[in-house]
Amino acid sequence: MDKSKLSLELYKKVYLIRKSEETIIKYYMDDDMKTPVHLSVGEEAIAAGVCHATGKDDQIYGTYRNHGIYLARTGETDNFFGELYGKKTGMAKGKAGSMHMFCPECNFLGTSAIVATCIPLGLGGAFAKKYKKEKGLSFVFFGDGALEEGAFWESLNFACLHKLPIIFVCEDNGLAIHSHIKDRQSFKSITDIVSKFGCNVFKEKSTDPEVIHNLTLEAIKKQKENGKPCFMHLKYYRYLEHVGINQDFKFGYRSEDEFKKWLKVDPVNLQRKKLLKIGFSEKEIKKVETEIDKQIDKSVELAEKAPFPDCEEVLTDVYS
Amino acid sequence: MDKSKLSLELYKKVYLIRKSEETIIKYYMDDDMKTPVHLSVGEEAIAAGVCHATGKDDQIYGTYRNHGIYLARTGETDNFFGELYGKKTGMAKGKAGSMHMFCPECNFLGTSAIVATCIPLGLGGAFAKKYKKEKGLSFVFFGDGALEEGAFWESLNFACLHKLPIIFVCEDNGLAIHSHIKDRQSFKSITDIVSKFGCNVFKEKSTDPEVIHNLTLEAIKKQKENGKPCFMHLKYYRYLEHVGINQDFKFGYRSEDEFKKWLKVDPVNLQRKKLLKIGFSEKEIKKVETEIDKQIDKSVELAEKAPFPDCEEVLTDVYS
Amino acid sequence: MRKITFQEALNEAMIQEMERDKNIFVYGLDVTDHKRIFGSCKNILEKFGKDRCFITPLSEDAMTGMGLGAAINGLRPIHIHQRVDFLVLAMNQLTNMVSIHRYMSGGKVKVPLVIRAIVGRGWGQSSQHSKSMHSIFAHIPGLKVVLPTTPSDAKGLLISAIRDDNPVIFLEHRWLYFTEGEVPEEPTPIPLEEPNILQSGDDITIVATSWMNVEALKAAEVLAKRGVSIEVVDPRTIAPLNDKLIIDSVNKTGHCIVADNDWIHCGFGAELAARISEKCFNDLKSPVNRIGFAQAPCPTTRPLENEFYPNAVNIIREIEKKLELETTDLSREEFYSWEKRFKGPF
Amino acid sequence: MRKITFQEALNEAMIQEMERDKNIFVYGLDVTDHKRIFGSCKNILEKFGKDRCFITPLSEDAMTGMGLGAAINGLRPIHIHQRVDFLVLAMNQLTNMVSIHRYMSGGKVKVPLVIRAIVGRGWGQSSQHSKSMHSIFAHIPGLKVVLPTTPSDAKGLLISAIRDDNPVIFLEHRWLYFTEGEVPEEPTPIPLEEPNILQSGDDITIVATSWMNVEALKAAEVLAKRGVSIEVVDPRTIAPLNDKLIIDSVNKTGHCIVADNDWIHCGFGAELAARISEKCFNDLKSPVNRIGFAQAPCPTTRPLENEFYPNAVNIIREIEKKLELETTDLSREEFYSWEKRFKGPF
Ligand SMILES: Cc1ncc(C[n+]2csc(CCOP(=O)(O)OP(=O)(O)O)c2C)c(N)n1
Ligand SMILES: Cc1ncc(C[n+]2csc(CCOP(=O)(O)OP(=O)(O)O)c2C)c(N)n1
Ligand SMILES: [Mg+2]
Ligand SMILES: [Mg+2]
């Protein structure tokens, strides 16, 4: 029953992410969440699969496209929606917004809207672990676009040189905003290259959260074995526009057909079907879903009602 | 006799470089050349071998360690010493100094004292060639240290993506100032990695200018054949301290024994012996050398006598 | 004269210049997608093809050096960034290469490179999508820095920037993209290094940059009804700065407020205040005051964003203090509100 | 009190602090080689081992972000650069990450990160090894910027910087490394955000930064013999700037010259001049004048280098003009000449 418990836990995570994003979509046009959102719809298997494999001592760093990993890691939605609504109850009192989700209590230590900037940050987290001889790994999430920034290559070299306890997680959706990877990158296989820096490499294009989860466990094991950093290259499909809540197939830079193919293996559906297959009843699943729905509804309500930060807050927290 | 002419030409180039550097060493303590020098002693085979293979339409970009390539490319020493002495007769009226040697007339288009900064510049030169459908290649020289800067990786990717007419020349002396490559780089073979970006790769550790020259011709040919950029990885030994005119074995960061091994295959000696072997007489060689000696002496004299730029020059050339 | 928007003006300038000179090309992230840099790159790909208009990898540093290399080889690159914040990735090339290359060559090369970047604001752009930092670029000798305010300036100054043989950093405020104004159809360059008197007045001079000119003009309009006559001067090119018109204006009015669209500390506003205080020493009737961003990173949530940015009301209150006027009742005035124009997300 | 050099003072501060707190580590290019960053890192490797003192690849950008990551995880990194010019490679991390991380976390994290960098000068350092650009860093909220002048400040301020929970950029002038002065043996922090009156006087205030204080003190010494009493004030920490002592001084003397070790346009000198002109408006008897680098990249050849840098003579001449004094005969004065100390090459 351990295996089926895992399946359920992963389903809870992908469902929480999907439902949270749908909730944002539902209310976004009310113009109360005044913060650019880069939604994780389509990416749930990676967020859930990887984060579920992390332990208390592990750290997480990411990009502006961080809702998935934030929710998978923390499970909480009160601060999350509080922050989206720009309220005092947000984890940064509204100062951060969608692009800078943050939760030190959960070792979720930094996300950023400048491409590739959190990679060095995660490097520093890994360095600190090694320096202090502490347990745990630093997980750094970034998109395929980050591979083009010098900071990535500098960080990769340093991590491998010092054998830092770090897992690079490249979430490759083949796009940087609207531009295709083939118009941006001259190399065919990033894992081939990265392995030559002395990194353990893993790649996968499954949308099955369990597959990603197992791969992550494998990566963690490998890291412990040989002390080398790991690089996970994970493909997925971005369902929506780069920033915002809409589909954008009408602009013609990518085809809806491709989307339809990926939709057939939608991570949330996939995992739900799996639950049914391994013996969960529709009712049991619904119950879990309803609980999550309620959690989110409550969080949204709280966020809506919560006060904004005081005006003086503009000048606090600049310095310690 | 074509082959022996080539040998002679290459000898002239390595001798010119060696002798010029020795001349700097000789006079440097007079404190008239007030400019930090990063000498090319030991590197002559690369400078001569590569530059001798370049044609009029080719362009050259480099680093602060540029004396070798400057002299090999231009053959001139008047502006060279003028610039070292900070005089009006320098190619930049003394504004540039040793670290910024420059000669647009010879398509020697930029050298810089910030590591890796001329790589993107050379990329732009190659881009301009492609854009204007002009003949020629852009040759960009840099040290092993530059491989650690993000700018290198960004440039490599762009060059390969756009199949630009560019030859990357990595002059690997295993050192960045006093630090060893193994303490800075996690990868074993840069050519293995670079080839995966879609670059033609070449590597060599010979100190024979003819070997380097032939390899360069091969690279140029290959570039013309498949349109891909080339990357040449060339090893050499830096005889002197990083900046300045002295030997520095006493500081213990590298062993004199290693130097002695390399000295056995000193590029200038090697080429000279070759000339003798293929039939040049000691006298013929001496004659060539004396001519170069005279050229250098004359240039030094001119430079010493030349006036400094006028004080108002400090504010000219900031804008066009 | 026909009216067009700021964004159309930028677009027209680029297209007309590219028609004139085939050495001009446009590149940067997103310049060919359907959004076309908020419309400013419309039709360029279609008209000039992908050799002259193309996207790049996410490599701001190398792409800037690439532009420099192309510029010294006879091309005239226009490099575009969706935000000024991305330009700091190229700070090494800008300060150590682009700005010095001509000087270090003893004047032998020219660097006709234009870098356009957009100053983001509002609706949660937050600290990484809202910086202007023009003083930082202006501090570096060898760079020219231009901040257009009106659609006419957008076109005329961009044409001049493109024709200039020096590196020009051209910073466009996101909100100005919506503004409309009269713009000549012909390509008519407006010389760099000439401030612009946006409105004449006698009682006080407001020297403002970029969006702050909109706020200053509004303040002037409101106070005009109360009989206060305000002169609004836009330096437009902040490096090198030709301050003659500014100094003349302050010598005339005797009072000056500097309203810079940036942080105050070590900002361009400091440069203005320092120059004006020195050069108008004998004619100043009150000290030069500065208005600018709160000295903090830009926060996301709206109430704090509102606090972060100065506006027409702040200017009005500052003028009242300065000229010892009564507090104006502003309850019936309508001020610019971005609720109307800019709902984000970007 | 025993006298030591500036460079020894820096070294002592680091060693004493590292003995106190094992979370402090030192990293950067060349920190472990035999030159030890002009001696300032002497014995650190030997005393604390290579885990706490190590060199890095040539990767300034990533290494800065690495420091930030380490800092928010409880370490206290000291990152060292041989030149400020190399720091611009990390401008993205500095402006987009290091400076905002605390704010964006709603105050939940601390960023105890020290970045030391050396301001090069002279003997052909040229345009890429001579920049200071402190106004650029000071412009960004969230960063602290410190420019020590005396050996005692070098030690006391560096200790405070290391103990500070904020990112501190600590800029050390190459030539100051040679200066000697009294420095307490005990680790004695000097609070950041307190200017220092280097010399008291009544007739005029010189506010100077870094090396320019040496020139200002020389000017004061020369003119003292002619009965002119000069107050020299060193702001030391330029961001955030506590200007009280400066304002008090100028209110007292009524005259002020700002001598900043940087370019004038949009420099820290502008900030000083703007503040002083505003806050001392009623007491200023003459406008605040600014002295700084020539507005050009730094040239290599000595005669142009001489033109590029301002010195004590420029300050003296400016004071004479201001106070309407006769031109002093300086033929018998001995001014600082770097022929004696700094022969290069680096
Ligand atoms: C340094 C930098 N350059 C440009 C941008 C603008 N930008 C925002 S997201 C993005 C695309 C990033 O693509 P990728 O890394 O693949 O992440 P994804 O959005 O696909 O998750 C770009 C170019 C930025 N934020 N930062
Ligand atoms: C961006 C940058 N970082 C640091 C330095 C200081 N520095 C000057 S030369 C050098 C070593 C470069 O080594 P390499 O690229 O191998 O060239 P080499 O001197 O061996 O020819 C360093 C670190 C610099 N000039 N630029
Ligand atoms: Mg992507
Ligand atoms: Mg080397």
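Both backbone and side-chain heavy atoms feed into the values below; hydrogens, waters and symmetry mates do not. The sequence lines fix the lettering, A, B, ..., with proteins before strands; numbering per chain opens at 1.
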Participant: I'd like to know if the side chain of C/T301 reaches the main chain of A/G94, judged simply by a donor and an acceptor atom lying under 3.5 Å from each other, with no hydrogens or angles considered.
Facilitator: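 Absent.
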Participant: Check each atom of A/A96 against the heavy atoms of chain C and say whether the ones under 4.5 Å are side chain, backbone, both or neither.
Facilitator: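 Answer is backbone: N, CA, C or O of A/A96 sit under 4.5 Å from chain C.
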Participant: Give me the atom names and distance for the closest heavy-atom approach of C/Q125 to A/M99.
Facilitator: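 Heavy atoms of C/Q125 and A/M99 come nearest at O-CE, 3.7 Å.
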Participant: Taking every non-hydrogen pair under 4.5 Å, which of C/E305, C/K343, C/R302, C/H129 racks up the most with chain A?
Facilitator: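 Result: the option with the highest number of such pairs is C/R302.
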Participant: Hey, what's the ring geometry for A/F251 with C/H34, parallel, tilted or perpendicular (30° and 60° as the breaks)?
Facilitator: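 Answer is parallel, since the angle falls under 30°.
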Participant: Tell me the closest heavy-atom pair linking A/K95 and C/T300, and the distance in Å.
Facilitator: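 Closest pair (atom of A/K95, atom of C/T300, distance): O-OG1, 2.8 Å.
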Participant: Which atom names give the shortest non-hydrogen contact between A/E149 and C/L58, and what distance separates them?
Facilitator: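 Looking at all heavy atoms of both residues, the closest pair is CD-O, 2.9 Å.
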Participant: Taking every heavy-atom pair that is under 4.5 Å apart, which of C/G344, C/P303, C/P297 has the most such pairs with chain A?
Facilitator: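 Most pairs with chain A among the choices: C/P303.
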Participant: Quick check on the interface: out of A/E83, A/K87, A/E148, A/E312, who has the most heavy-atom pairs with chain C under 4.5 Å?
Facilitator: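 Between A/E83, A/K87, A/E148, A/E312, the count favours A/E148.
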Participant: Using non-hydrogen atoms only, which part of C/D61 is less than 4.5 Å away from chain A: side chain, backbone, both, or neither?
Facilitator: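 C/D61 has no heavy atom closer than 4.5 Å to chain A.
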Participant: Mark yes when over 12 heavy atoms from residues, nucleotides or ligands other than C/K42 sit less than 6.0 Å from its NZ; otherwise mark no.
Facilitator: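 No, NZ of C/K42 has 12 or fewer neighbouring heavy atoms, counting only those of other groups under 6.0 Å.
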Participant: To the nearest 0.5 Å, tell me how far C/D33 CG sits from A/S179 OG.
Facilitator: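 The OG atom of A/S179 is 8.0 Å from CG of C/D33, to the nearest 0.5 Å.
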Participant: Would you mind checking which part of A/I177 comes under 4.5 Å of any heavy atom in chain C, side chain (CB onward), backbone (N, CA, C, O), both or neither?
Facilitator: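 Side chain only.
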Participant: Once rounded to the nearest 0.5 Å, what's the spacing between atom OG of C/S126 and atom NE2 of A/H100?
Facilitator: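 Reported to 0.5 Å precision, the distance equals 4.0 Å.
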Participant: Sort C/T56 into side chain, backbone, both or neither according to what part of it lies under 4.5 angstrom from a heavy atom of chain A.
Facilitator: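 Backbone only.
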Participant: Name the region of C/E60, side chain, backbone, both or neither, that has any atom closer than 4.5 Å to a heavy atom of chain A.
Facilitator: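 Backbone plus side chain of C/E60, per the 4.5 Å heavy-atom cut-off to chain A.
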Participant: Tell me whether the count of non-hydrogen atoms from other residues, nucleotides or ligands lying under 6.0 Å of CD in C/E334 goes above 12.
Facilitator: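 For C/E334, atom CD is not crowded (no more than 12 foreign heavy atoms under 6.0 Å).
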Participant: How far does CZ of A/F308 sit from CG of C/N306, to the nearest 0.5 angstrom?
Facilitator: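 A/F308 atom CZ to C/N306 atom CG measures 9.5 Å (nearest 0.5 Å).
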Participant: What is the minimum heavy-atom distance between C/P345 and A/Y28, and which atoms define it?
Facilitator: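 Result for this residue pair: CB-OH, 4.0 Å.
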Participant: Under 4.5 Å heavy-atom distance to chain C, tell me which part of A/D317 shows up: side chain, backbone, both or neither.
Facilitator: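 Neither part.
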Participant: Can you name the closest pair of heavy atoms from C/L304 and A/C311 and give their distance?
Facilitator: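 For C/L304 versus A/C311, the nearest heavy atoms are CD2-O, 3.9 Å.
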Participant: Say you draw a straight line from CG of A/D183 to CZ of C/F54; how long is it, rounded to the nearest 0.5 Å?
Facilitator: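 Reported to 0.5 Å precision, the distance equals 12.0 Å.
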Participant: Can you tell me how far apart CD (C/E307) and CG (A/L315) are? Round to the nearest 0.5 Å.
Facilitator: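 Rounded to the nearest 0.5 Å, the CD-CG separation comes to 8.5 Å.
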Participant: Crowded around A/K235 NZ? As in, over 12 foreign heavy atoms under 6.0 Å?
Facilitator: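 Counting neighbours around NZ of A/K235, more than 12 heavy atoms of other residues, nucleotides or ligands fall under 6.0 Å, so yes.
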Participant: Examine whether an atom of C/F308 lies under 4.5 Å from a heavy atom of chain A, and if so say whether it belongs to the side chain, the backbone or both; otherwise answer neither.
Facilitator: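 Backbone plus side chain of C/F308, per the 4.5 Å heavy-atom cut-off to chain A.
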Participant: Are side-chain N/O atoms of A/S112 and C/Q128 paired as donor and acceptor at under 3.5 Å?
Facilitator: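 The answer is yes; a qualifying pair exists.
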Participant: Could you look at C/L29 and say if it's the side chain, the backbone, both or neither that has a heavy atom under 4.5 Å from chain A?
Facilitator: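 Contact with chain A involves no heavy atom of C/L29 at all.
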Participant: Could you tell me the separation between the NZ atom of A/K34 and the CZ atom of C/F342, rounded to the nearest 0.5 Å?
Facilitator: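 A/K34 atom NZ to C/F342 atom CZ measures 11.5 Å (nearest 0.5 Å).
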